[in-house]
Amino acid sequence: MAAALLVASLTPPRGLAASTRASAPHARLSMPERSLPHSPPNLTWQWRGYTVRYQSLGEANSGAAVVLVHGLFVNADHWRRNLPALAEAGFRAYAIDLLGYGYSDKPPPCGDEAKAISGEIGRALGEPVVELGTAWGGRRQTAVAEAHPLGSVYNFYTWAEQINDFVEEVVRAERVTLVANSIGSISALQAAIDRPDRINGVAIVNPNFRELHVAEMPELMRPFAMPVLRAVQSALRTRGRWLFDQLATPSVVKEILKEPYYDAEQVTDELVDVLLTPLLTEGAADVVFDTLSYSAGPLPEQQLQDERLKAPVLVCWGEKDPWTPRRRVLELARFPSVDRVIPLPNVGHCPHDEAPQLVNPLLIDFIRQCSRADRSFDKEQPC
């Protein structure tokens with residue numbers, strides 16, 4: 001599964017134009033005004049000295065605010081079939097490129113520049129023993145290494161802080177609902193843990209359990225498997241560019257994406273374009289290989305048990321997802337923070353894009369539920 005995702009993420013299509021400013025001290029992108037002719041304009045926000053791309057619709061609406069958080073190696077355009085529906089429902093809807101992804105800036109992963117903006121700074125990160133699930137629906141106790149092994153800026157704490165600062169500085173709503181796909185759900189949950197006063201709900205569209213995390217390896221295998229994994233990760237960081245370039249073929253991307261997408265007809269040229277064009281840009285390969293070296297950080301079951309998580313969590317999940325174990329997903333319902341786990345038939349790992357007609361109504365109902373809960377809470381408070 002991880003190998004398939006790696007190959008898919010390393011295959012930007014040939015011939016798709018994307019320009020960079022080579023003279024910049026870090027990778028800045030010259031983004032198009034719009035990603036697609038029918039998409040909303042690409043907007044920018046300055047965060048900790050870097051440019052972040054986002055899109056928005058319905059900013060003049062009076063309804064609840066929602067921020068959409070993308071998954072691994074993709075970007076805000078992956079929500080192109082959801083953002084309009086949420087705005088049409090009366091919400092203020094935003095989709096953001098996390099730092100290092102899409103058309104957001106891509107600073108060097110490590111070094112003094114990275115340390116200055118990393119979300120790991122100031123946190124007491126360790127290796128707590130927590131209860132995690134298994135692919136067959138069981139439970140196990142294991143230590144979870146929380147700190148990035150290389151000290152990279154590309155970690156879930158950085159992205160969580162970016163999300164919360166975006167909510168405060170751009171969205172400017174007292175309370176916001178987050179919607180996240182795949183590994184983006186870990187950043188969203190961490191944002192809700194960090195700022196329970198700001199986040200009133202988290203909708204997860206297919207969670208990711210991070211099989212490359214050291215805690216996901218059987219304990220007896222770790223002394224043998226981890227040195228091999230570290231060696232592969234090191235080779236990718238230092239010599240992976242050749243592989244990156246060799247796999248940059250649109251036809252290969254399209255075929256590989258048919259694994260997570262159950263409905264192969266949804267794997268279109270447009271999908272290949274909007275997801276992978278930014279991976280041709282300067283600095284993108286460094287982010288890809290650095291992320292593949294990130295075998296630490298918080299895990300979703302760990303976060304769902306965190307007593308600081310006050311927001312309700314909706315989990316919807318495509319039953320044909322080849323990367324997410326069925327029984328492990330269903331077992332998430334045991335956590336008090338999880339409102340519901342909803343299986344979606346005949347869709348894969350990205351049901352928000354593959355079958356938005358199934359996902360959009362669920363998101364709309366959940367966002368309204370969270371907004372109603374906020375209003376009820378406010379009425380109960382003394383003046």
Side-chain angles (χ1 to χ4, degrees), residues 26 28-36 39-71 74-80 82-107 116-119 153-181 184-203 274 278 311 352 363-364 366-367 370-371 374:
H26 54 266
R28 295 183 182 273
L29 308 188
S30 179
M31 72 185 73
E33 180 181 354
R34 296 176 185 269
S35 301
L36 296 165
S39 67
N42 289 324
L43 305 173
T44 61
W45 165 59
Q46 295 299 309
W47 183 69
R48 299 183 180 179
Y50 296 97
T51 298
V52 169
R53 186 273 292 250
Y54 72 95
Q55 297 173 334
S56 67
L57 286 175
E59 287 189 273
N61 288 344
S62 58
V66 55
V67 175
L68 307 176
V69 182
H70 61 78
V74 294
N75 58 75
D77 292 312
H78 208 195
W79 300 104
R80 69 201 185 284
N82 315 104
L83 200 66
L86 298 178
E88 289 170 8
F91 304 136
R92 298 169 55 204
Y94 300 80
I96 187 173
D97 283 356
L98 297 177
L99 189 72
Y101 289 93
Y103 292 102
S104 288
D105 279 353
K106 299 167 176 60
I117 63 171
S118 174
V153 68
Y154 299 116
N155 60 72
F156 295 114
Y157 304 105
T158 301
W159 292 317
E161 292 182 4
Q162 179 189 352
I163 292 167
N164 280 327
D165 287 348
F166 181 78
V167 167
E168 183 170 355
E169 297 177 17
V170 178
V171 181
R172 297 183 181 178
E174 290 187 7
R175 304 274 281 170
V176 170
T177 305
L178 302 179
V179 177
N181 171 237
S185 61
I186 301 179
S187 299
L189 286 171
Q190 190 61 47
I193 289 169
D194 289 348
R195 292 298 304 270
D197 58 316
R198 283 282 187 185
I199 308 303
N200 63 10
V202 180
V274 300
H352 63 290
L363 299 181
I364 291 169
F366 181 69
I367 296 164
C370 295
S371 180
D374 279 346

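Put simply, CZ on Arg175 and CG on Asp197 are 7.0 Å apart, with the number rounded to the nearest 0.5 Å. Here Ser56 contributes atom OG and Leu68 contributes atom CG; the two are 11.0 Å apart, rounded to the nearest 0.5 Å.
With sequence neighbours excluded, the residues that form a side-chain contact (heavy atoms from CB on, under 4.5 Å) with Arg92 are Asn61, Ala65, Tyr94, Val171, Ala173. Partners of Asn82 according to the side-chain hydrogen bond (donor to acceptor under 3.5 Å, both in side chains) rule, which considers only residues two or more places apart in sequence or in another chain, are Asn360. For Ala76, the side-chain contact (heavy atoms from CB on, under 4.5 Å) test picks out Arg53, Gln55, Ala95, Asp97, with sequence neighbours left out. Contacts of Pro32 classified as side-chain contact (heavy atoms from CB on, under 4.5 Å), with partners at least two apart in sequence or in another chain: Asn42, Tyr103. Taking Ser185 as the reference, Ala180, Ile204 meet the side-chain contact (heavy atoms from CB on, under 4.5 Å) condition, with sequence neighbours excluded.
Taking the side chain as every heavy atom from C-beta outward, Leu363 and Thr177 never approach each other to under 4.5 Å. Looking at Ile364 and Leu86, their side chains come closer than 4.5 Å, going by heavy atoms from C-beta outward. With a 4.5 Å cut-off on side-chain heavy atoms, Tyr50 and Pro107 count as touching. Side-chain atoms of Ile96 and Val52, non-hydrogen and from C-beta on, do get closer than 4.5 Å to each other. Side-chain contact between Ser104 and Thr51: absent, with no pair of heavy atoms (C-beta onward) separated by less than 4.5 Å. Residues Asn75 and Leu98 fail the side-chain proximity criterion, which asks for heavy atoms closer than 4.5 Å. Using a 4.5 Å heavy-atom cutoff, the side chains of Leu178 and Val66 are not in contact. Using a 4.5 Å heavy-atom threshold, the side chains of Val170 and Val167 count as separate.
A tilted orientation is assigned to the rings of Trp79 and His352, their planes being inclined by 30° to 60°.
Minimum interatomic distance between Gly184 and Val69 (heavy atoms only, all atoms of both residues): O-CG1, 3.8 Å. Taking all atoms of both residues into account, the shortest heavy-atom contact from Glu161 to Trp47 is C-CZ2, 4.0 Å. Contact between Ser187 and Trp159 at its shortest, heavy atoms only, is OG-CB, 3.5 Å. Across all their heavy atoms, Gln162 and Leu99 have their closest contact at OE1-N, 2.8 Å. Heavy-atom minimum distance, Ala191 versus Asn164: O-ND2, 3.1 Å. Contact detail for Arg80 and Leu36: the closest heavy-atom pair is CD-CD1, 3.8 Å.
Tested against Asp165 for a salt bridge (Lys or Arg N to Asp or Glu O under 4.0 Å), the candidates Arg198, Arg195, Arg48 yield a single pass: Arg48.
Donor-acceptor pairing under 3.5 Å is recorded for the side chains of Asp194 and Gln190. When only modelled atom types and interatomic distance are considered, Thr158 and Asn155 share a side-chain donor-acceptor pair under 3.5 Å.
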### Message
side chain to side chain contact (heavy atoms under 4.5 Å, CB included), that's the test. Do Val179 and Val67 meet it? Break it down for me.
### Response
CA-CA 6 Å; Val179 177; Val67 175; over 6 Å; no
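Here the two rings, on Trp45 and Tyr54, have centers that are 6.0 Å apart or farther.
Sorted by first then second residue, the salt bridge (charged side-chain N to carboxylate O under 4.0 Å, His left out) pairs that include residues 55-66, not counting sequence neighbours, number zero.
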